[in-house]
S.K.: 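This structure is in structure tokens; I'll ask about it shortly.
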Amino acid sequence: MELYYGISGSGFVCHTINPRLFKEQIAFIIKHAGDKVLFADLTFLPILEALAPQLRKLKAVVMLTDEAHMPKSSALPKLKSYETLLAREKDQFNWPELNENTACSLCYTSGTTGEPKGVLYSHRSSVLHAMAVCTPDAFNCSASSTVCPIVPMFHVNAWGIPYLAPMIGAKLVMPGAKLDGASLHQLMTGEGVTFTAGVPTVWLALLDYLDAEKKTIPTLMRVGIGGSAAPPIMLQRFADRGAEVIHAWGMTETSPVALTAALTGKHAKLSNAEKLAKRAKQGRPLYGTEYLVVNGAGKPVKHDGQEFGDLHIRGAWVASSYFKSKEKAAFKREGWFNTGDVVNVDEDGFFQIVDRAKDVIKSGGEWISSIELEGIMQAHPAIKEAAVVSRPHAKWAERPVLVAVLKSGAVLTYEEMVMHFTGKIAKWSIPDELIVVDQLPHTATGKLLKTVIRKLVLAR
Ligand code: ADP
């Protein structure tokens with residue numbers, strides 16, 4: 001938190017690094033970003049040591065600790081102590097008056113689609129984004145909230161939460177390294193957390209823990225879920241515990257939050273099931289962002305909740321280029337950023353992410369949404385986690401395969417899987433195969449790693 005404000009406030013750029021990236025990717029982004037000083041928690045010393053040859057080019061590597069806890073490292077003999085550096089300074093500092101368009105932070109996409117790409121944020125875009133995500137139809141936070149981002153501070157600036165909490169005077173609770181169900185439950189009940197946010201994988205673990213231990217988090221009112229699609233059953237499971245899920249969509253390139261699924265006045269009369277279906281979509285635009293969804297012919301799609309197209313976006317906190325990059329493909333349409341997501345839009349203006357363009361399963365000219373199939377399967381009592389990917393097929397081009405992790409002691413047959421899908425989706429969308437695995441691979445930000453899952457399917 002101190003670095004977020006100290007670095008940006010004094011006119012430098014705070015470049016957060018995801019420590020779960022491959023060593024080569026970390027080395028790549030440190031060099032590409034032109035980083036000068038690296039700050040790290042003690043737990044990351046082994047990563048730093050592995051990167052030692054690359055880090056020697058930096059002005060300094062600072063450990064976030066005091067002199068007494070400074071590690072001795074033969075690979076990095078010149079490590080500095082953060083507290084010692086601070087103690088040498090005066091308490092007073094004249095913060096510079098910066099132009100609002102000055103860069104303040106830098107994030108790299110996790111590189112699931114090639115080399116990591118940098119997105120540079122300005123003070124202006126970060127403040128506008130933070131104000132927008134506070135609003136009632138988004139995270140709905142105020143001075144009376146106790147806010148706990150489970151999304152790490154390196155994942156698109158923890159979705160703006162480190163900015164919005166001080167902005168409104170909310171209590172901010174940081175989870176540290178332990179993100180298992182028991183630790184989160186203890187933290188949230190102990191601190192009286194009212195709002196939290198994170199990717200679906202984290203919530204699967206917490207919900208399973210609450211179920212197994214018959215526990216609740218009485219203060220929890222709202223859970224922001226994004227990064228990948230929140231399965232509808234997850235909304236229900238939180239609702240059963242008195243917490244409302246706010247499903248949000250965004251990307252590194254969009255700061256990240258751009259769509260949130262809050263109902264409007266006209267939905268008050270809907271049944272609970274209809275409300276849930278609506279809120280399981282990724283939602284409506286936050287004011288400050290604009291959208292264009294075009295079909296294969298380049299024409300805007302009908303708002304009928306059926307026709308799908310490529311989602312383009314622009315706005316006050318949407319990137320207009322990548323940092324120091326020649327990559328222009330995503331910005332080909334003048335003034336717009338092509339998200340790479342395929343979406344439909346319904347008559348109420350609710351967007352639904354069908355899939356990432358590269359994950360859509362193309363079967364006999366029809367498109368199958370892996371997200372929809374995963375959402376349905378996630379509701380089956382035997383399933384712990386479900387992934388749907390394509391297998392190349394001679395006749396149909398691609399066919400869906402369900403790769404599943406089962407709950408301990410549970411059994412699932414192919415026939416039971418087919419029965420569970422029957423009536424919920426078109427028959428030709430039902431996966432041809434069920435593969436049960438012990439665990440599924442995830443990206444550095446906790447998303448299903450579809451590239452590796454597809455390889456795993458091919459190897460069977
Ligand atoms: P990367 O592109 O490296 O995975 P991002 O964190 O920027 O890193 O990921 C953005 C992508 O995540 C979006 O393009 C979209 O495909 C997916 N995503 C984010 N939120 C949701 C959501 N609520 N539902 C479905 N997909 C989502």
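For ligands, and for the atoms within them, numbers begin at 1 and follow the listed sequence. Position 1 is the first residue of the sequence, and the numbers go up from there.
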S.K.: Verify the ring-centre separation between Phe28 and Tyr108: is it less than 6.0 angstrom?
M.R.: no
S.K.: Are Thr445 and Asn18 side-chain neighbours, meaning at least one heavy-atom pair lies under 4.5 Å?
M.R.: yes
S.K.: Number the atoms of ligand 1 from 1 as they appear, then name those within less than 4.0 Å of a heavy atom of Ala229, with their elements.
M.R.: 22 (C), 24 (N), 25 (C), 26 (N)
S.K.: Would you call the rings of Trp159 and Phe139 parallel, tilted or perpendicular, where under 30° means parallel and over 60° means perpendicular?
M.R.: tilted
S.K.: Is Asp341 close enough to touch ligand 1? Criterion: a residue heavy atom under 4.0 Å from a ligand atom.
M.R.: yes
S.K.: With respect to atom 2 (O) of ligand 1, which of Gln282, Arg356, His155, Lys358 exhibits the smallest heavy-atom separation?
M.R.: Arg356
S.K.: Under 4.0 Å from a heavy atom of Gly227: which atoms of ligand 1 are those, numbered in the order shown and with their elements?
M.R.: 12 (O), 17 (C), 18 (N), 19 (C), 20 (N), 21 (C), 27 (C)
S.K.: When you measure from atom 23 (N) of ligand 1 to each heavy atom in Ala248, Gly226, Pro116, which option holds the nearest one?
M.R.: Ala248
S.K.: Aromatic contact between Trp367 and Phe308, with the criterion being ring centroids under 6.0 Å apart: yes or no?
M.R.: yes
S.K.: Evaluate the criterion side chain to side chain contact (heavy atoms under 4.5 Å, CB included) for residue pair His420 and Met377; output intermediate values, then yes/no.
M.R.: CA-CA 8 Å; His420 183 75; Met377 223 41 225; 3.6 Å; yes
S.K.: Only heavy atoms of Met251, strictly under 4.0 Å: list the atoms of ligand 1 that pass.
M.R.: 7 (O), 10 (C), 13 (C), 14 (O)
S.K.: Taking only heavy atoms of Gly250, which atoms of ligand 1 are found under 4.0 Å from at least one of them?
M.R.: 10 (C), 13 (C), 19 (C), 20 (N)
S.K.: Could you tell me, atom by atom, which parts of ligand 1 come under 4.0 Å of a heavy atom of His247?
M.R.: 22 (C), 23 (N), 24 (N)
S.K.: Hey, do the aromatic rings of Tyr163 and His123 have their centres closer than 6.0 Å?
M.R.: no
